[in-house]
Q: 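Got a structure for you, questions after.
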Amino acid sequence: MIFNAYLLKYQMQTEEFLRRFENNELQHILDFDEWMGEAWMLEALLQDKEEIEEIEFVD
């Protein structure tokens, strides 16, 4: 997963990165922009997964 590379390279968890990025504590570089996009995408996919798992099928 791409997150692992960023965790190792920048020595911070995604939650800390998101907080610092959203508070403009980090400058915009390609890695950070990609990390932000990956975090947003993961959040959206997890939400979709939750919604799908709530679907009940009937015969």
Side-chain angles (χ1 to χ4, degrees):
M1 175 177 268
I2 198 166
F3 288 125
N4 292 336
Y6 293 136
L7 297 175
L8 293 172
K9 187 173 182 177
Y10 297 105
Q11 298 294 303
M12 70 178 109
Q13 296 293 317
T14 298
E15 295 78 17
E16 178 185 357
F17 160 73
L18 292 172
R19 180 187 55 76
R20 293 181 65 192
F21 191 84
E22 290 170 352
N23 287 330
N24 295 317
E25 296 175 31
L26 303 170
Q27 65 186 80
H28 286 263
I29 60 173
L30 182 58
D31 277 357
F32 291 163
D33 292 339
E34 287 180 348
W35 195 353
M36 177 62 78
E38 294 288 335
W40 286 341
M41 188 181 317
L42 178 59
E43 183 180 328
L45 289 170
L46 289 173
Q47 186 175 4
D48 289 348
K49 178 182 177 269
E50 246 181 65
E51 291 172 8
I52 290 170
E53 289 176 339
E54 293 175 2
I55 295 172
E56 292 185 28
F57 293 94
V58 295
D59 289 327

Q: Any idea which heavy atoms bring Trp40 and Glu22 closest together, and the distance?
A: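 Nearest pair, atom of Trp40 first, then Glu22: NE1-OE2, 4.5 Å.
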Q: Could you tell me the separation between the CG atom of Leu26 and the CH2 atom of Trp35, rounded to the nearest 0.5 Å?
A: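 It is 8.5 Å, given to the nearest 0.5 Å.
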Q: How many angstroms lie between atom CG of Asn4 and atom CG of Leu8, to the nearest 0.5 angstrom?
A: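 The distance works out to 6.5 Å.
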Q: Does the side chain to side chain donor-acceptor pair (under 3.5 Å) test come out yes or no for Glu34 and Tyr6, once each step is laid out?
A: CA-CA 10 Å; Glu34 287 180 348; Tyr6 293 136; 2.9 Å; yes
Q: Do you know which two heavy atoms are closest between Phe32 and Phe17, and how far apart they sit?
A: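 Scanning both residues completely, I find the closest heavy atoms to be O-CZ, 3.3 Å.
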Q: Take atom CD of Gln27 as the centre, draw a 6.0 Å sphere, and report whether it contains more than 12 heavy atoms from other residues, nucleotides or ligands.
A: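 Open: at most 12 neighbouring heavy atoms sit under 6.0 Å from CD of Gln27.
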Q: Between Leu18 and Glu16, does the side chain to side chain contact (heavy atoms under 4.5 Å, CB included) criterion hold? Intermediate values first, please.
A: CA-CA 5 Å; Leu18 292 172; Glu16 178 185 357; over 6 Å; no
Q: Yes or no on side chain to side chain contact (heavy atoms under 4.5 Å, CB included) for Leu7 and Gln13, after CA distance, side-chain angles and deciding distance?
A: CA-CA 6 Å; Leu7 297 175; Gln13 296 293 317; 4.1 Å; yes
Q: Verify side chain to side chain contact (heavy atoms under 4.5 Å, CB included) between Leu46 and Glu51, making sure each step is shown before the conclusion.
A: CA-CA 9 Å; Leu46 289 173; Glu51 291 172 8; over 6 Å; no
Q: Nearest 0.5 Å, please: how far is CD in Glu38 from CG in Asp31?
A: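 Asp31 atom CG to Glu38 atom CD measures 11.5 Å (nearest 0.5 Å).
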Q: Salt-bridged, Arg19 to Glu15, with N to O below 4.0 Å?
A: no
Q: Does the plane of the ring in Phe21 sit parallel, tilted or perpendicular to the ring in His28? Use 30° and 60° as the thresholds.
A: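 Ring orientation of Phe21 relative to His28: perpendicular.
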